[in-house]
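The structure under discussion appears below in the form of structure tokens.
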Amino acid sequence: MQRVCFLLKVRPDRIAEYRARHADVWPEMRAALTATGWRNYSLFLREDGLLVGYLETEDFDRARAAMDATDVNARWQAEKGPLFAPMDGARPDEAMKPLTEVFHLA
């Protein structure tokens, strides 16, 4: 199982909206994440907009590609993308670059 952690930046003026939209994630988005291999997925948001994501999956590249192929992900990215700080033209799901794990206590 691969553990993946990534960072993104929510626009400071959109933090409240980001929190509100994630209080009720679409059922079809939850189902697509599960079906494509995203497990134990969490998002943590700091008050300045720093977003930390964590998930476990067999293969992150494969799980991300499978999500990219879903209609619900396209709709989600189109709706939620404007909440993020500019990412050089990338969608949030394209900008998720895994951090290098340097320690793990099991």
Side-chain angles (χ1 to χ4, degrees):
M1 187 66 69
Q2 185 180 5
R3 290 184 305 278
V4 178
C5 183
F6 61 86
L7 303 175
L8 293 172
K9 180 75 171 166
V10 176
R11 291 179 38 186
D13 61 325
R14 307 291 292 269
I15 291 172
E17 184 179 358
Y18 183 88
R19 288 184 190 278
R21 290 184 181 204
H22 280 80
D24 188 24
V25 174
W26 305 336
E28 61 268 35
M29 184 59 160
R30 290 174 170 269
L33 287 164
T34 299
T36 58
W38 298 59
R39 305 283 182 266
N40 202 22
Y41 184 27
S42 297
L43 296 171
F44 302 88
L45 183 60
R46 201 166 67 181
E47 292 305 316
D48 65 356
L50 178 67
L51 182 74
V52 178
Y54 174 84
L55 67 121
E56 297 169 352
T57 187
E58 292 298 323
D59 182 323
F60 184 56
D61 291 333
R62 186 173 65 220
R64 212 157 72 166
M67 272 306 291
D68 192 44
T70 67
D71 175 64
V72 68
N73 187 62
R75 289 185 286 121
W76 184 269
Q77 296 304 319
E79 185 174 305
K80 306 304 184 274
L83 303 178
F84 289 90
M87 296 171 277
D88 297 325
R91 295 185 323 238
D93 62 337
E94 296 169 329
M96 296 184 303
K97 305 292 183 212
L99 300 175
T100 301
E101 184 175 314
V102 295
F103 176 77
H104 175 73
L105 176 66

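In this chain, residues are counted from 1 in sequence order. Treat the numbers as computed from the prediction; the structure is a model and nothing was measured.
- Shown here for L99 and L7, the closest heavy-atom pair between the two residues is CD1-CG, 3.9 Å.
- The number of heavy-atom neighbours closer than 6.0 Å to CG of D13, taken from other residues, nucleotides and ligands shown, is above 12.
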Assess the residue pair R91 and D68 against the criterion (salt bridge (charged side-chain N to carboxylate O under 4.0 Å, His left out)); give the C-alpha distance rounded to whole Å, side-chain angles, the decisive distance to 0.1 Å, and a yes or no. CA-CA 11 Å; R91 295 185 323 238; D68 192 44; 2.6 Å; yes

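- Here the shortest heavy-atom pairing between A63 and W38 reads O-NE1, 3.2 Å.
- Taken to the nearest 0.5 Å, the CZ atom of R11 stands 9.0 Å off from the CD atom of E17.
- Within the model, atoms NZ of K80 and CG of L8 stand 14.5 Å from one another, a figure rounded to the nearest 0.5 Å.
- Taking the six-membered ring where tryptophan is involved, the planes of Y41 and F6 are tilted, since the angle between them lies from 30° to 60°.
- For the pair W76 and L33, the minimum side-chain heavy-atom distance is 4.5 Å or more.
- Judged by distance alone, the side chain of R3 and the main-chain N or O of E101 form no donor-acceptor pair under 3.5 Å.
- Across all non-hydrogen atoms, the minimal contact from D48 to R46 is OD2-NH2, 2.8 Å.
- Judged purely by atom type and a 3.5 angstrom limit, S42 has no side-chain atom pairing as donor or acceptor with the backbone of Y54.
- V25 and L51 fall within a single hydrophobic cluster, where Ile, Leu, Val, Met, Phe, Trp and Tyr side chains are chained together by heavy-atom contacts under 4.5 Å.
- Shortest non-hydrogen contact noted between N73 and M67 is CB-O, 3.1 Å.
- A distance of 13.5 Å separates CG of L83 from NZ of K9, quoted to the nearest 0.5 Å.
- One finds the CE atom of M1 at 7.0 Å from the CZ atom of R39 (value rounded to the nearest 0.5 Å).
- Atom CZ of residue F60 and atom CE of residue M96 lie 4.0 Å apart, to the nearest 0.5 angstrom.
- Residues L50 and M87 do not share a hydrophobic cluster, clusters being chains of Ile/Leu/Val/Met/Phe/Trp/Tyr side chains in contact below 4.5 Å.
- Separating the CD atom in Q77 from the CD atom in E94 is a distance of 8.0 Å, to the nearest 0.5 Å.
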